[in-house]
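Counting starts at 1 for both ligands and their atoms, in listed order.
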Amino acid sequence: MNAYVAEVLEQVRRKNSDQVEFLQAAAEVLESVSPVLDRHRRYRDHAILERIVEPDRVLMFRVPWQDDRNRFQVNRGFRVQFNNAIGPYKGGLRFHPSVNLSIIKFLGFEQIFKNSLTTLPMGGAKGGSDFDPKGKSDSEVMRFCQSFMTELYRHIGPDVDVPAGDIGVGSREVAYLFGQYRRIQNEFTGTLTGKGINWGGSLIRPEATGYGAVYFAQEMLATRKDSIEGKICLVSGSGNVAQYTVEKINQLGGKAVTLSDSDGTIYDRDGINAEKLAYVIELKNIRRGRIKEYAERFKAEYRPGKRPWDIPCDCAFPSATQNEISGDDARTLVKNGCILVAEGANMPTDPEGVEVFLAHKILYGPGKAANAGGVATSGLEMAQNSMRLSWSREDVDQRLYGIMKAIHASAYAASVEYGQPGNYVMGANIAGFVKVADAMVEQGLV
Ligand code: NDP
Ligand code: 2IT
C-alpha cells in the first residue's frame with residue numbers, strides 16, 4: 001500500500017477507534033485509491049486524504065416528541081455533512097434503532113463517491129435517528145418527524161443540503177418532514193427528494209434504486225455476453241429497494257425467489273411474480289406487516305431467523321442492510337453457482353466477503369455503483385424542481401438507465417486503467433474519488 005495512504009488510514013483508526021462501520025468504509029476506499037496516490041503526487045501535496053476523511057461538520061441533536069399516551073420521548077438526531085466540493089450535500093435519512101454516529105458517518109462517506117459517480121453535481125451527506133418507526137402510529141411518526149425537522153431545517157436548503165429517504169424513511173416520513181420544513185421556512189423548494197408526485201416528487205424515484213441495481217447487473221452481464229433473462233435471483237430485504245429490484249428482474253425475464261426482513265426469509269421456488277409483488281407492496285407499505293405472512297398467503301417456504309444466501313442461485317441482490325453477507329455467506333453463494341452480486345444496500349458485504357467475490361472473479365457490483373440510481377434520480381428530482389417542470393416516466397427512466405450505463409462504464413474504465421479489469425470495487429472507488437479530489441485541489445485549502 002502507498003505509504004501516504006497507510007499513514008492516513010492509521011490516523012483515521014486512531015481518531016475514530018470506536019466507529020467500526022466508518023472504519024470499514026474508509027479502509028476500503030483508501031486501499032482502493034492507493035494506486036492513484038502512487039501516480040499522482042498532487043493529492044498528497046494538497047492533503048486530500050486527510051481532508052476527505054473528516055466531515056465538513058457533524059450535527060447531533062435531541063429530538064423530543066410525545067407518544068400517543070402523552071408520554072415524553074427523546075431520540076437522538078444526526079446529520080453528517082461530509083463533503084460539498086462538487087455540489088450541495090445530498091443523502092438520505094435513516095430511522096432505525098441501530099443508528100449511531102459510526103453508521104451515519106459510513107453512509108455519508110460512501111455517499112461522497114456514489115454521488116460523484118452519478119455524473120450529477122451532488123456532495124455527500126447522511127442523517128437519521130435511532131427512532132424506530134416500527135409499531136408507531138401515523139400520528140407518532142408525524143410528531144417525531146416534525147420535531148426532527150424543527151432542528152434540521154436550519155442546516156438544509158435546496159442549494160445547501162437536500163435530505164431524502166433510507167431505511168425507515170419512505171414516502172410517509174418524507175411527507176411529514178417536508179410539511180414541517182415548508183411551514184417553518186415559509187418556502188416551497190426542492191429541499192427534500194422522494195416527495196409525493198403531486199407536490200414536487202419525480203416519477204420513477206420510488207423505483208429508482210431497485211431498477212438501477214438491475215440495470216447495473218445487466219451492464220455487468222453484458223461484459224460477458226450474458227443477460228438477466230432466465231436467471232434465478234435472491235433478493236434480501238422487502239422494503240423500497242427490494243420491491244423494485246424484484247419488479248425489474250421480472251420485467252427483464254429473470255426469476256426472483258426470495259425476500260426477507262429482520263425476522264426471516266421467504267423462499268418461493270415458483271418466483272415472486274407481479275401479482276405476488278403487489279401483495280408484498282401492500283403488506284409492507286400499507287399494512288406494515290411481516291414478510292412471514294407471504295409464506296402463509298402463497299404457500300411458500302418460510303425460514304425464520306435466516307438470510308437468503310444458502311439458497312442456490314445465479315444472481316444475488318442484497319437489499320436490506322450493512323454487513324448482511326459474511327465471508328462464509330459469500331463462499332456459500334459462490335459454491336452454489338452464484339455468478340453475480342449487485343448491491344442494492346449500502347455495504348451489505350463484509351470485507352472478507354468482498355475478498356471472496358473478488359478472488360472468484362464473479363461480477364460484483366459494490367453498493368456505491370450498483371445502488372446509485374436512487375440518489376441519481378433524486379438529482380433528477382432536484383433538476384425538475386429547479387425548473388418547476390416534471391418529466392414523464394419514460395423520460396426519467398431513460399435518464400436513469402443512461403446514468404447506470406455511465407456509472408458502469410466509468411467504473412469499468414478505471415478498473416482497466418489501474419490494471420484490474422472488472423474489479424468494480426477498485427474502479428468505482430477510483431472513479432468516484434478522482435472527480436472529488438480534483439475539485440478539492442482546484443478549490444484550494446478549505
Ligand atoms: P426500507 O426501510 O424500505 O427496507 C429495509 C428492509 O431491510 C426491510 O425489509 C428491513 O426489515 C430490512 N432490514 C433493515 N435493517 C435490517 C437489519 N438490521 N437486519 C435485517 N434486515 C434489516 O429501506 P430501503 O429499502 O430504502 O433500504 C434498504 C437498503 O438500501 C439500505 O442499506 C439503504 O441504505 C440502501 N439504499 C436505499 C436507497 C433508497 O433510495 N431507499 C438508495 C441506495 C441505497 P425490517 O422491516 O424487519 O426492519
Ligand atoms: O443511500 C442512498 O443513496 C439513499 N438512501 C438515497 C439518497 C438520496 O438522496 O436519494
J.: So with a 6.0 Å cut-off around CZ of R287, is the heavy-atom count from everything else above 12?
T.: yes
J.: Identify the heavy atoms of A242 and S236 that sit nearest to each other, and give their distance.
T.: CB-O, 3.6 Å
J.: Just need the protein heavy atom nearest to atom 6 (C) of ligand 2, so name the residue and atom and give the distance.
T.: R205 NH2, 3.6 Å
J.: Under a strict 4.0 Å criterion on non-hydrogen atoms, which protein residues are in contact with ligand 1?
T.: R94, H96, K114, K134, D166, I167, G168, R205, T209, G237, S238, G239, N240, V241, S260, D261, S262, R290, S319, A320, T321, G344, A345, N346, N371
J.: Before signing off on this row, confirm whether A164 and ligand 2 have an N or O atom pair separated by under 3.5 Å.
T.: no
J.: Give the atoms of ligand 2, by number and element, whose distance to some non-hydrogen atom of K114 is under 4.0 Å.
T.: 1 (O), 2 (C), 3 (O)
J.: Verify the ring-centre separation between F109 and F82: is it less than 6.0 angstrom?
T.: yes
J.: Identify, by atom number and element, the atoms of ligand 2 in contact range of S378, meaning under 4.0 Å from any of its heavy atoms.
T.: 8 (C), 9 (O), 10 (O)
J.: Using heavy atoms and a threshold below 4.0 Å, how should the contact between N346 and ligand 2 be classified: side chain, backbone, both, or neither?
T.: side chain
J.: Of all the non-hydrogen atoms in the protein, which one sits nearest to atom 9 (O) of ligand 2, and at what distance?
T.: K90 NZ, 2.6 Å
J.: For K126, counting its heavy atoms only, list the atoms of ligand 2 lying under 4.0 Å from any of them.
T.: 1 (O), 2 (C), 4 (C), 5 (N)
J.: Tell me, please, whether F131 has K136 positioned over its six-membered ring: NZ or CZ under 6.0 Å from the ring centre and within 45 degrees of its axis?
T.: yes
J.: Any idea which part of Q111 is under 4.0 Å from ligand 2, heavy-atom wise: side chain, backbone, both or neither?
T.: side chain
J.: Closest non-hydrogen protein atom to atom 7 (C) of ligand 2, residue and atom name please, with distance?
T.: G92 N, 3.5 Å
J.: Is the shortest side-chain N to carboxylate O distance from D310 to R303 below 4.0 Å?
T.: yes
J.: Looking at R288, I'd like to know if its CZ atom is crowded, meaning that more than 12 non-hydrogen atoms belonging to other residues, nucleotides or ligands lie closer than 6.0 Å.
T.: yes
J.: State whether E151 and R154 are salt-bridged, where the test is any N-O pair (Lys NZ or Arg NE/NH1/NH2 against Asp/Glu carboxylate O) under 4.0 Å.
T.: yes
J.: Within ligand 2, which atoms have a heavy atom of G165 less than 4.0 Å away?
T.: 4 (C), 5 (N), 6 (C)
J.: Give a yes or no on this: more than 12 heavy atoms of other residues, nucleotides or ligands lie within 6.0 Å of atom NE2 of H155.
T.: yes
J.: Once salt bridge (Lys or Arg N to Asp or Glu O under 4.0 Å) is applied, what residue pairs with a partner in residues 201-211 remain, sequence neighbours excluded?
T.: E207-R393
J.: State whether the number of non-hydrogen atoms from other residues, nucleotides or ligands found under 6.0 Å of K292 atom NZ is greater than 12.
T.: no
J.: Are there over 12 heavy-atom neighbours, none belonging to Y401, within less than 6.0 Å of that residue's OH?
T.: no
